[in-house]
Amino acid sequence: MNNLPHTEEAYDLLHQGAIALAQVEANGIRIDTEYLDRTMERLDTKIKRLQGSLRSSTVGKVWETYYKERTNFDSNTQLGTILFDVLGHECPAETASGKHKTDEKTLATINHPFVKRCMTIRKMQKTRNTFLQGIHHEVVPAKFFNGSVWETGGLIHPVFNLHLVKTFRSSSDSPNFHNFPVRDPKIAKIIRQAFIARPGHRLVEIDYSGIEVRVAACYHKDPRMLSYLNDNSTDMHRDMAMEVYLLPQEEVTKTIRYCGKNGFVFPEFYGSTYTERARELWGMIGELNLTLEDGTSLYDHLESHGIRGLGELGENGRPPRGSFLAHIQSVENDFWERRFRVYHQWRNRWVKQYRERGWILSKTGFICQGYMLRNEIINYPIQGSAFHCLLWSLIRLQKEIKRRGMKTLLVGQIHDSIVADVPDEELGDYLALAKKVMTVDLKKAWKWICVPIEIEAEVTPVDGNWYQKKEVEI
DNA sequence: TACTTCGGCGCC
DNA sequence: AAAGGGCGCCGAAGTA
């Protein structure tokens with residue numbers, strides 16, 4: 001790997017970025033240490049109890065008979081052996097090194113209470129050991145003046161690195177601030193309640209909407225994509241959901257749109273192809289129980305349109321007629337050959353150029369070189385430049401906060417969002433400042449940004465926690 | 001005991 | 001030619 005900032009501007013961005021992030025790191029984010037300790041203890045008890053129930057179950061006895069004193073219910077290797085070799089369940093997949101796969105998707109294919117319990121335990125262990133304990137390891141004591149008296153509490157100071165990622169994104173560690181649970185609301189609540197605002201403050205998280213898609217458009221300038229981005233009454237994720245599930249616009253619910261976005265559009269942008277797309281989109285119907293407004297399952301809906309099942313690639317390598325596989329293949333063809341033809345052509349040109357001269361130069365002035373695969377060549381400059389929009393904004397925000405003598409503290413960053421700890425009385429000023437910096441000043445500084453830039457803001461109550469964040473208008 | 005690799009899984 | 005881009009952390013298992 002031999003990637004480097006190439007222009008003076010790129011060098012400055014890393015330099016000033018490192019300084020701004022050092023300040024963020026020094027500020028730190030407040031932790032409710034009593035809640036943290038209490039919750040770790042509670043989960044500990046729960047996990048131990050569940051593991052006890054494994055031990056006393058029928059499968060647990062089989063396990064102990066097989067492994068004797070080496071029995072370890074936390075071992076995936078042992079779990080795979082018991083399920084697939086001893087009990088004879090069908091093993092749908094193997095790992096790279098030839099062991100039985102035991103990930104969530106694989107285990108979900110086995111309808112057995114023992115396996116379900118294993119999955120529950122695994123989720124709880126992840127929550128406790130990776131996230132709660134990860135925070136606990138890094139907490140340092142701190143004092144906070146609550147307006148009348150000093151109270152004790154804790155801070156963590158997640159590290160933000162600018163020199164580790166090949167795309168020139170950032171990474172975070174100790175603890176990793178980039179991967180705290182958010183999608184599963186039950187887990188998100190357990191973790192995010194531990195992050196609290198300083199006394200009299202609110203936590204404020206501001207993120208760029210679809211920044212990677214917008215930055216990608218600055219590279220390829222596909223006219224269809226530009227019109228999607230310039231006209232907020234249109235919505236490409238909704239449109240693709242309509243195509244993949246053969247629905248009229250009014251049948252696209254929030255969940256179905258989610259499937260279009262995360263089951264088709266984004267994976268296609270990252271380089272996934274129709275066989276994998278069809279499989280996931282098909283599975284999503286069952287997992288998320290997708291139905292028409294009248295309650296008809298989308299499986300039945302698709303069947304009424306002549307699609308009988310997912311289907312499998314035939315001997316000739318082609319999907320069978322009337323299968324979902326064949327349908328998604330044609331949606332994909334249309335997606336790249338007609339709808340986003342210019343995007344597609346840009347990708348081919350971009351890859352060809354790399355193969356001819358051996359390097360690529362991003363919009364923000366960074367060179368990537370060395371051996372790269374097609375999907376890497378296409379994705380690196382987009383991922384890097386999208387993050388650099390955030391980094392530029394964070395640097396400018398930090399400088400303005402200091403210049404104006406504000407008490408707002410920037411406390412974290414998550415690729416396309418900035419988390420701040422804001423005194424209640426500065427909320428309006430901070431939101432206005434962030435909006436100007438992130439959507440107006442950024443575009444003035446970087447003329448290559450030829451699409452509208454939009455942000456969203458979420459705010460907690462005064463003295464609230466990160467789980468309580470709610471979207472606000474700015 | 002210390003280190004590495006693997007599989008798994010959380011996020012954008 | 002490869003088959004979905006980028007991270008960091010955990011525990012198990014293997015190795016030094």
Side-chain angles (χ1 to χ4, degrees), chain A residues 1 3 67 70-81 93-107 118-119 121-135 137-138 158-162 164-184 187-188 190-192 205 207-213 215-216 261-277 279-280 313 317 332 347 351 355 368 371-387 390 412-417:
Chain A
M1 186 54 56
N3 297 349
Y67 279 104
R70 283 172 47 233
T71 297
N72 180 356
F73 291 116
D74 292 333
S75 163
N76 286 328
T77 314
Q78 293 186 14
L79 176 63
T81 302
E94 297 197 331
T95 68
S97 67
K99 291 198 279 189
H100 302 298
K101 242 185 171 322
T102 57
D103 61 357
E104 198 176 348
K105 214 174 150 214
T106 306
L107 295 185
C118 286
M119 294 167 75
I121 292 173
R122 197 187 269 179
K123 269 254 173 342
M124 292 180 62
Q125 283 177 326
K126 179 90 176 168
T127 304
R128 179 180 184 298
N129 298 343
T130 300
F131 298 114
L132 295 179
Q133 188 163 261
I135 296 166
H137 275 149
E138 303 293 340
V159 178
F160 296 99
N161 312 288
L162 289 179
L164 296 179
V165 182
K166 15 184 197 178
T167 62
F168 292 102
R169 245 199 194 177
S170 66
S171 74
S172 170
D173 62 76
S174 310
N176 181 356
F177 194 67
H178 285 167
N179 73 340
F180 288 112
V182 64
R183 291 169 201 165
D184 180 335
I187 309 292
I190 294 171
I191 304 298
R192 287 173 179 244
E205 183 166 357
D207 67 293
Y208 278 117
S209 334
I211 191 67
E212 282 201 25
V213 170
V215 165
K261 177 179 172 179
N262 297 82
F264 187 80
V265 178
F266 278 145
E268 286 285 339
F269 288 166
Y270 291 141
S272 185
T273 49
Y274 74 93
T275 46
E276 197 48 43
R277 288 310 91 224
R279 197 178 308 283
E280 187 175 357
L313 288 186
E332 179 181 75
R347 289 174 162 222
V351 171
R355 289 188 178 153
C368 294
Y371 178 68
M372 285 186 276
L373 303 178
R374 177 187 169 85
N375 290 342
E376 297 171 329
I377 300 161
I378 292 164
N379 285 315
Y380 286 4
I382 295 168
Q383 185 183 103
S385 300
F387 168 69
L390 191 282
Q413 157 271 122
I414 312 168
H415 305 302
D416 66 354
S417 76

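Just so it is clear: chains get the letters A, B, ... in the order the sequence lines come, proteins before strands, and each one is counted from 1.
Among the nucleotides C/dG5, C/dA3, C/dG6, the one closest to the side chain of A/Leu373 is C/dA3. Distances from the side chain of A/Lys99 to the nucleotides B/dG7, B/dG10, B/dC11 place B/dG7 closest. The nucleotide whose nearest atom lies closest to any side-chain atom of A/Asp173 is, among C/dG8, B/dG10, B/dC12, C/dG8. Nearest nucleotide to the A/Glu376 side chain, out of C/dA3, C/dG5, B/dG8: C/dG5. Picking from C/dA13, C/dG11, C/dA2 the nucleotide with the shortest atom distance to the side chain of A/Gln78 gives C/dA13. The side chain of A/Val165 lies closest to C/dC7, out of C/dC7, B/dC12, B/dC9. The side chain of A/Lys126 sits closest to C/dG8 out of B/dC11, C/dG8, B/dC12. In the set C/dG6, C/dG11, C/dG4, the nucleotide with an atom closest to the side chain of A/Thr273 is C/dG4.
The closest donor-acceptor contact from the side chain of A/Glu332 to the backbone of A/Tyr274 lies under 3.5 Å. A/Arg128 contributes no side-chain N or O that, together with a main-chain N or O of A/Gln133, makes up a donor-acceptor pair within less than 3.5 Å.
Here A/Gln383 lies in heavy-atom contact (under 4.0 Å) with a base. Using a 4.0 Å heavy-atom distance criterion, A/Ala96 is classed as a sugar-phosphate-only contact. Residue-level contact check: A/Leu164 touches the backbone only, with heavy atoms under 4.0 Å from sugar-phosphate atoms and none from bases. Using a 4.0 Å heavy-atom criterion, one finds that A/Gln413 contacts no nucleic acid atom at all. Residue A/Glu268 is classed as having no contact, given no heavy-atom separation below 4.0 Å to the nucleic acid. Using a 4.0 Å heavy-atom distance criterion, A/Thr275 is classed as making no nucleic acid contact. Among the atoms of the strands shown, only primed sugar atoms or phosphate atoms (P, OP1, OP2) are found under 4.0 Å from some heavy atom of A/Phe180. Looking at heavy-atom distances under 4.0 Å, A/Phe131 makes contact with sugar-phosphate atoms alone, never a base. Residue contacts shown for A/Ser172 are limited to sugar-phosphate atoms, with no base heavy atom under 4.0 Å away. A/Arg355 comes within contact range of no nucleotide atom at all, as no heavy-atom separation falls under 4.0 Å. A/Ser417 comes within contact range of no nucleotide atom at all, as no heavy-atom separation falls under 4.0 Å.
For C/dA12, one of the phosphate oxygens OP1 or OP2 lies less than 4.0 angstrom from a side-chain nitrogen or oxygen of A/Asn72. Contact annotation: A/Thr95 reaches the phosphate of B/dG7 (side-chain N/O to OP1 or OP2, under 4.0 Å). Here A/Lys101 does not reach the OP1 or OP2 of B/dG7: none of its side-chain N or O atoms lies under 4.0 Å away. Distances shown here put every side-chain N or O of A/Ser75 at or beyond 4.0 Å from the OP1 or OP2 atom of C/dG11. Between A/Lys123 and B/dG10 there is a side-chain N or O to OP1 or OP2 distance below 4.0 Å. Under 4.0 angstrom from either OP1 or OP2 of B/dC12 there lies at least one side-chain N or O belonging to A/Arg183. Listed pair A/Ser171 / C/dG8 meets the phosphate criterion, a side-chain N or O lying under 4.0 Å from OP1 or OP2. Side-chain N/O atoms of A/Ser272 include one lying less than 4.0 angstrom from OP1 or OP2 on C/dG4.
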Next on the checklist: Could you go through A/Thr81 and A/Tyr67, starting from their C-alpha distance and side-chain angles, then the distance that decides it, and tell me whether this counts as side chain to side chain donor-acceptor pair (under 3.5 Å)?
Outcome noted: CA-CA 10 Å; A/Thr81 302; A/Tyr67 279 104; 3.3 Å; yes
Next on the checklist: Using the rule given for side-chain contact (heavy atoms from CB on, under 4.5 Å), can you reason through A/Thr167 versus A/Asn379, listing the C-alpha separation, both sets of side-chain angles and the distance that settles it, and then say yes or no?
Outcome noted: CA-CA 8 Å; A/Thr167 62; A/Asn379 285 315; over 6 Å; no
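Taking the six-membered ring where tryptophan is involved, the planes of A/Phe387 and A/His415 are perpendicular, since the angle between them exceeds 60° and thus also 30°.
Distance, A/Ile191 CD1 to B/dC11 P: 10 Å, rounded to whole Å. The distance between atom NZ of A/Lys105 and atom C1' of B/dG7, rounded to the nearest whole Å, is 16 Å. For the pair A/Leu132 CG and B/dG10 C1', the computed distance is 13 Å after rounding to whole Å. A/Phe160 has its CZ atom 17 Å from the P atom of C/dC7, to the nearest Å. Atom CG in A/Asp103 sits about 19 Å away from atom P in C/dG11, given to the nearest Å. For the pair A/Lys166 NZ and C/dG8 P, the interatomic distance rounds to 11 Å; values are reported in whole Å. Rounded to whole Å, atom P of C/dA2 lies 14 Å from atom CZ of A/Arg374. Atom CD1 in A/Ile211 sits about 13 Å away from atom C1' in B/dC12, given to the nearest Å.
Put simply, the side chain of A/Asn375 does not reach to within 4.5 Å of the side chain of A/Tyr270, judged on heavy atoms. Two residues are said to be in side-chain contact when any heavy atoms from C-beta on lie closer than 4.5 Å; A/Ile187 and A/Lys126 fail this criterion.
If you run side chain to side chain donor-acceptor pair (under 3.5 Å) between A/Asn76 and each of A/His100, A/Lys99, A/Arg122, only A/Arg122 comes through.
Look at A/Tyr270 and the base of C/dG5; the rings stack, centres closer than 5.5 Å and planes less than 30° apart.
Checked by distance alone, A/Asn179 brings a side-chain donor or acceptor within 3.5 Å of a matching partner on the base of B/dG10.
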